[in-house]
Amino acid sequence: MHDNPISSPFEGDVRQHWAAAQLGIWLFLATEVLFFGGLFTSYVAYRLLYSEAFTIAARETELTYGTVNTAILLTSSFAVAVAVKTERSDRVLARRLVLVTVLFGLAFLGVKGIEYSSDLDRNLAPGPGFPLEPAETQIFWALYWLMTGVHALHVTVGIGVMTAVYLLMRAHRVAQNSALLDVSALYWHFVDVIWIFLYPMLYLVGRS
Amino acid sequence: MNSRWRELLWPEAAVWLALVVLLGTTLAAAFIPMRYGTAANLGIAAVKAILVAAFFMHLRRASGLDRLASILGPFWLALLIGLVVADLLAR
């Protein structure tokens, strides 16, 4: 009966299983929008109040790392989208693409780590020793660390989920009609979409 | 063989290419002094997000209920940001 460790509440009713899984993940992603929404709103508010300071502060972000990371995430979404597509017809290819997605995710975190290290070398964290003027530039940088940090946590969770999906697929423990990969992929795409907005907000301000 | 690759990668490869082109565009636009540069770049970001949502996240063929659920979050956020901005501008 339970050959699938990820047992769904709608065993035997595939249509119901899919409908429930899809609605469930979309509602969960809506709560994630709530989560990030507070930070996005803070950014908008403080940028409106201190636009000059934000422009000065944002020039110090590392555009190359940010752009490379955007390209990495967009490509990882491409990989997992094709994985979902081939899940029925070619399961081996599908799980290999899931592994590719995991590797891209790790690459993103690697670049982020290098970037954080560079930011810290330049003391770009709010607090004593902060190099920029006026003081409101620290607000931008506080938002930078918070928003990219929370996003990186989400990428890490995504990597964990995708790794689990890969291992389960490789062990043939994902049922033929399971929504597991589809649902996990939607989470991954969402994390990509958040970064799609973070990129212009944090890296493209004050460049002209 | 050719048609198999096409079946596999279409439209995802085209969407990815469009996303990369948009990334290049937004990057280049950031260096051009223009009046509504921020709005333009956020507009490009919105187009990228819609491409990911429609094609990669399958919203094009999702049920009406799923599509409704997908806009709940952004709709609420638009209200929040809109009202906060209105408040600040009125001070």
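First the proteins, then the strands, lettered A, B, ... as listed; each starts at 1. These numbers were taken from a predicted model, which means no experiment stands behind them. Values below: all heavy atoms of this structure, side chains included; hydrogens, waters and symmetry mates excluded.
The NZ atom of A:K85 sits 10.0 Å away from the CH2 atom of B:W10 when rounded to the nearest 0.5 Å. Atoms CD1 and CH2, from B:I71 and A:W26 in turn, are 11.0 Å apart once rounded to the nearest 0.5 Å. Here the CG atom belonging to A:D90 is positioned 5.5 Å from the CZ atom belonging to B:R4, to the nearest 0.5 angstrom. Atom-to-atom distance recorded for A:D192:CG and B:F56:CZ is 8.0 Å, nearest 0.5 angstrom.
Of the atoms belonging to B:L83, not a single heavy atom falls under 4.5 Å from chain A. When heavy atoms are compared at a cutoff of 4.5 Å, B:L65 approaches chain A by way of both its backbone and its side chain. Within the 4.5 angstrom heavy-atom criterion, atoms from both the backbone and the side chain of A:L23 approach chain B. Of the atoms belonging to B:V52, it is side-chain heavy atoms, and not backbone ones, that fall under 4.5 Å from chain A. Looking at A:T75, the atoms closer than 4.5 Å to chain B (heavy atoms on both sides) sit in the backbone and in the side chain alike. If you measure heavy-atom distances from B:T26 to chain A, the contacts under 4.5 Å come from both the backbone and the side chain. Heavy-atom distances place the side chain of A:L49, and not its backbone, under 4.5 Å from chain B. Proximity to chain A is limited to the side chain of B:L77, based on heavy atoms less than 4.5 angstrom apart. For chain A, no part of B:A53 is nearby; none of its heavy atoms comes within less than 4.5 Å. Using a 4.5 Å cut-off between heavy atoms, A:T67 contacts chain B through both its backbone and its side chain.
Looking only at side-chain heavy atoms (C-beta outward), A:L29 and B:M57 come within less than 4.5 Å of each other. Using a 4.5 Å heavy-atom cutoff, the side chains of A:V84 and B:E12 are not in contact. In this structure, the side chains of A:V44 and B:V84 stay at 4.5 Å or more apart for every pair of heavy atoms. In this structure the side chain of A:F78 never reaches within 4.5 angstrom of the side chain of B:V20, judged on heavy atoms. Taking 4.5 Å as the limit, every side-chain heavy atom of B:W16 sits out of range of all side-chain heavy atoms of A:V82.
For the options A:E32, A:M201, A:R207, heavy-atom pairs under 4.5 Å to chain B are most numerous at A:R207. With respect to chain A, the highest number of heavy-atom pairs below 4.5 Å among B:D87, B:L42, B:L8 belongs to B:L8. Considering only heavy-atom pairs separated by less than 4.5 Å from chain A, the leading option among B:K48, B:R67, B:H58 is B:K48. Heavy-atom pairs under 4.5 Å with chain B were tallied for A:G66, A:A185, A:S77, A:G206; the largest tally goes to A:S77. Annotation: maximal heavy-atom pairing with chain A below 4.5 Å, among B:L68, B:V15, B:T38, occurs at B:T38. In terms of heavy-atom pairs under 4.5 angstrom with chain B, the leader among A:L27, A:L204, A:L93 is A:L204. Heavy-atom pairs under 4.5 Å with chain B were tallied for A:T31, A:T41, A:V193; the largest tally goes to A:T41. Taking chain A as the reference chain and counting heavy-atom pairs below 4.5 Å, the highest number among B:D66, B:I44, B:L22 is found for B:D66.
The 12-atom threshold is not exceeded at OH of A:Y46, counting heavy atoms of other residues, nucleotides or ligands nearer than 6.0 Å. Within a 6.0 Å radius of CD in A:Q16, more than 12 heavy atoms belonging to other residues, nucleotides or ligands are found. Under a cut-off of 6.0 angstrom, the local environment of CZ in A:R96 is sparse, with at most 12 non-hydrogen atoms contributed by other residues, nucleotides or ligands.
A:L63 approaches B:F31 most closely through the heavy-atom pair CD2-CZ, 3.5 Å. Taking every heavy atom of both residues into account, B:W76 and A:G37 meet most closely at CZ3-CA, 4.3 Å.
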Next on the checklist: A:Y199 vs B:L23, test: side-chain contact (heavy atoms from CB on, under 4.5 Å). Steps then yes/no.
Outcome noted: CA-CA 10 Å; A:Y199 174 66; B:L23 176 59; 3.5 Å; yes
